[in-house]
Each structure stands twice: as C-alpha cells, then as structure tokens.
Number of protein chains: 2
Amino acid sequence: MVPVKKLREPDENLVRQKEAAFADFIQRKGLKTTRQRNTIISTFFRLRGHISVEELLNQVKQANPRIGYATVYRTLHLLVESGLVEERRFGDGLARYEGHSDVEHHDHMICLECGEIFEFFNPRLEALQESLAEENNFQIFRHRLELYGACKDKEACQRRKSRSSVAAQAE
Amino acid sequence: MVPVKKLREPDENLVRQKEAAFADFIQRKGLKTTRQRNTIISTFFRLRGHISVEELLNQVKQANPRIGYATVYRTLHLLVESGLVEERRFGDGLARYEGHSDVEHHDHMICLECGEIFEFFNPRLEALQESLAEENNFQIFRHRLELYGACKDKEACQRRKSRSSVAAQAE
DNA sequence: GCCGAAATTGAAAACAGTTTTCGTAATCCA
DNA sequence: TGGATTACGAAAACTGTTTTCAATTTCGGC
Ligand SMILES: [Mn+2]
Ligand SMILES: [Mn+2]
Ligand SMILES: [Zn+2]
Ligand SMILES: [Zn+2]
C-alpha cells in the first residue's frame, strides 16, 4: 500500500530525453548552448537523489575543474525554470535539487538520524488537502509536506535517537 | 467544518502565564533574568501572527532602543528551547516565530499574493500521515505541511494571480 | 570562415540572514 | 557586597547564494 518510491538508477534514455528537453528550452529562450551547461546538466541528470549545489559542483569538477559555483547556480536556476528540476529545502540550510524521471508530485519523509529521504505519494492525502483548501476558499498552487523522524527498522537510527533525542533543526 | 483558526488577540492572562513559564525555564537552566529579555518576551507574546526577527526588533526598540539584534536572536532561541515558541519558515528566507496561546499543532495555507497566512488543523490529515509513516516503518517526530496558493475570495489576489502567474518562491 | 552583437563564464565582491566574538556591564548567591 | 557567572551590544564573522565585471564564447548573418 502506498509504496515508498525507490530511487531509480537514472535511465540512460531518459537522461538523453531530458538533455534534449533542456536544449529545447535553451533555444526557445534564445539562450546559447555552452560546454559548461552541457557538462552540468548531464552530470546532474545522471545523479540520483536530492542533490546539493556543492555535491553537484564536486561531480562537475571531475569533468571540468574550471567550472565554478556561479555557473552551477545559474544552470540550476535554468533547470528549475525549465520545469525539469525541482528545488527542495529540508531545513538543513541547503537548497537541494531533484530531476525526477517521472513528473509526478511526491512528498518526503526525512530520517533525522541517518539522513535518508523516503518519497511517497498518497492520493487521499492530496485530495484531503484540496478539500480543506476548498472549505477555506483557498486555491492551492503547490504544497509541501515533510515528515521528520526516524527509520524504525534501522537499529542505528533507533539507538542514536535514544541519546541524542530529537536532532535540532538548523537552517 | 475544519475551521481556519482566527488569530486571537493575545489574552493578557495567558501572556502573563507565559512570561512566568519563561521565567521558570530561565531559572531551571541557571540563567539570569535581565531587563532586555523581559522586554523582548513581553513584546513578543503581545504580538500575534508569525513574527520575523526584524519585526520583533522594531517593536522591541520602541520599549528600549538600545536592544540589538544579537539579544533578540538569542532570546528567541531560548523561547524555542523552552517550548513556548515555534520557529517557522515559509520560504521567504526569514525565520518566523509564533507563540501560540494553545500548544496545539497546526498547519498553514499561505497566500502568495497578499501574504496572508491561514492556520488549520485536521485530525484525518494527521492520522493519514501517521498511517503512511507506519506503513513505511517510519516514526514521525514532527511534520510540516504548507499549502501555497491564493485566496479565492479576495478580488485582489485573483486579479494579481492572473498577471504575475505563480509568484516565485525565494529563500 | 569571419564579424560582431549578445550571451556566458569564473573569480571575486556583494548580499542577507544569522551567529559569534569580545570587551564591558548586569545579575545574584554566598 | 564581592565576585564568579551570565548577559549585552557593536562589530566582525559566517554561510549559502547572488551579483559584478572584465574576458571569452556563441551563433546568425555576411
Ligand atoms: Mn524527492
Ligand atoms: Mn501558525
Ligand atoms: Zn503531496
Ligand atoms: Zn499537521
């Protein structure tokens, strides 16, 4: 029931498809194709999970060490604007990015002990939000739902939980 | 059905109760009572809504212009630590604080046009989250649910919505 | 291919919100 | 009331992100 999505290995075909979609976007906007942007997006799309700027830059530098933060930030903004990528913030002060294989919306459970992030989607939950909004005469554009807690099945997370109590949330 | 909470005028008795609770907290921690902290907390508890640090400092300065950012930040941390106040972040890059008359948990709807924030609580929604977590062997410590959108009943918000499309979310 | 306007890059500076430092002042218990 | 301890406030530091700016690259038209 309501399975947590497993993070897929990025599918090479899908990656190419996205690269093409981004190229389209760039062209439509009258922007230029550059070596750096190509490096950045192809690196990004081949990563999985919720990637921070620093993580991405580190990977990118392996392909081209001269690429700097500014270009990565700028390219991520373009990716978001293109709709191919979503920005997330889970309260650790870093922006994280995910470019999902499927465009589906989903929500997150974040383990405060091991940092693992589970993704889930539940239609009843979504519908309930809609109906609550409706009742208050509110029109939802988007929402965010994050459950913070601990993995129950990992001894490590349960062990740590007992001493460190609830890890403080920074930002 | 599932009423949006109206922001109450802070009740003078409740405010005094909280001031006392904070004094207790300070004492239990072996900290000292200071004029500045008293000014800050009594100002804070008499405000309503989701207060930013700058907003609070502005108010505080009316009582004592010599109080600075550092002390306000430090006092807010203590308030959060005491459990009397919660920190919120709605994606505009500012921390906001609320000290609720009732300790109840609640979630938020945020109008991206006029900035108004509605609070709501729905037991079915909460229960559904629990059961989803259960299914994934996840233990929830806390969660955050925010619905971003627009007031349906304010012409201004509907008007603006049509041109500015969805306001971008900064942080 | 070459020109040149327009876009892009990268290093460094700027920014914004928040935290820390550090010298001075206030608190409060023995 | 002495004096160890805690707090204050201004300014500096910090962090993640954005902007600036001079130099480089792109690309449509010749
Ligand atoms: Mn995700
Ligand atoms: Mn609230
Ligand atoms: Zn959802
Ligand atoms: Zn809730």
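This is a predicted model, so every value here is computed, not measured. Each chain gets a letter, A, B and so on, in the order the sequences are listed, and its residues count up from 1.
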Participant: To the nearest angstrom, how far is N38(B) atom CG from dT27(C) atom P?
Facilitator: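 Atom-to-atom, N38(B) to dT27(C), this comes out as 10 Å.
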
Participant: Hey, is the side chain of H77(B) poking within less than 4.0 Å of OP1 or OP2 on dT19(C), counting only N and O atoms?
Facilitator: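 Result: yes.
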
Participant: In whole angstroms, how far is the P atom of dG16(D) from the CZ atom of F90(A)?
Facilitator: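 Those two atoms, CZ and P, are 17 Å apart.
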
Participant: Keeping to residues at least two apart or across chains, list the side chain to side chain donor-acceptor pair (under 3.5 Å) pairs with something in residues 36-46 of chain A.
Facilitator: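 Of all non-adjacent pairs touching residues 36-46 of chain A, those that pass side chain to side chain donor-acceptor pair (under 3.5 Å) are E12(A)-R46(A), E19(A)-R46(A).
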
Participant: Please examine the side chains of Q129(B) and L125(B), heavy atoms only from C-beta on, and report whether any two atoms are closer than 4.5 Å.
Facilitator: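 SC-SC contact between L125(B) and Q129(B) confirmed.
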
Participant: Would you kindly give the CD1-to-C1' distance between I41(B) and dA7(D), to the nearest whole Å?
Facilitator: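 Value for this atom pair: 15 Å.
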
Participant: Separation of R89(B) atom CZ from dT15(D) atom C1', in whole Å?
Facilitator: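 These atoms are roughly 12 Å apart.
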
Participant: What is the distance, rounded to the nearest whole Å, between atom OH of Y73(A) and atom C1' of dA16(C)?
Facilitator: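 In whole Å, dA16(C) C1' lies 13 Å from Y73(A) OH.
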
Participant: For each nucleotide in nucleotides 6-11 of chain C, reading 5' to 3', give B when a protein heavy atom comes within less than 4.0 Å of its base, S when such contact involves only the sugar-phosphate, and - otherwise.
Facilitator: BSSBBB

Participant: Judged by each residue's nearest nucleotide on DNA chain C, which is more toward the 5′ side, Q27(B) or L94(B)?
Facilitator: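 Looking at the nearest nucleotide for each, L94(B) comes out on the 5' side.
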
Participant: In whole angstrom, what separates D92(B)'s CG from dT18(C)'s C1'?
Facilitator: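 Rounded to the whole Å, the gap is 15 Å.
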
Participant: Could you tell me which residues satisfy side chain to side chain contact (heavy atoms under 4.5 Å, CB included) with E116(A), sequence neighbours excluded, listed by chain and number?
Facilitator: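 Result, side chain to side chain contact (heavy atoms under 4.5 Å, CB included) vs E116(A): C114(A), F118(A), K154(A).
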
Participant: Specify the separation, in whole Å, of atom CG of L56(B) and atom P of dG17(C).
Facilitator: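 Computing the L56(B):CG to dG17(C):P distance gives 15 Å.
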
Participant: Applying ring-ring contact (aromatic ring centres under 6.0 Å, His included), name anything that partners H108(A), two or more places apart in sequence or on another chain.
Facilitator: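 Result, ring-ring contact (aromatic ring centres under 6.0 Å, His included) vs H108(A): H50(A), F90(A), H106(A).
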
Participant: Quick one: side chains of residues 52-65 of chain B, donor-acceptor pairs under 3.5 Å with protein atoms, not counting sequence neighbours, listed by atom name and distance.
Facilitator:
from   : atom 1 : to     : atom 2 : distance (Å)
S52(B) : OG     : E55(B) : N      : 3.2
E55(B) : OE1    : S52(B) : N      : 3.0
N58(B) : ND2    : E54(B) : O      : 3.4
K61(B) : NZ     : P65(B) : O      : 3.1
K61(B) : NZ     : I67(B) : O      : 2.8
N64(B) : OD1    : R66(B) : N      : 2.9

Participant: Which residues pass the side chain to side chain contact (heavy atoms under 4.5 Å, CB included) test with D24(B), not counting sequence neighbours?
Facilitator: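 Only R28(B) meet the side chain to side chain contact (heavy atoms under 4.5 Å, CB included) criterion with D24(B).
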
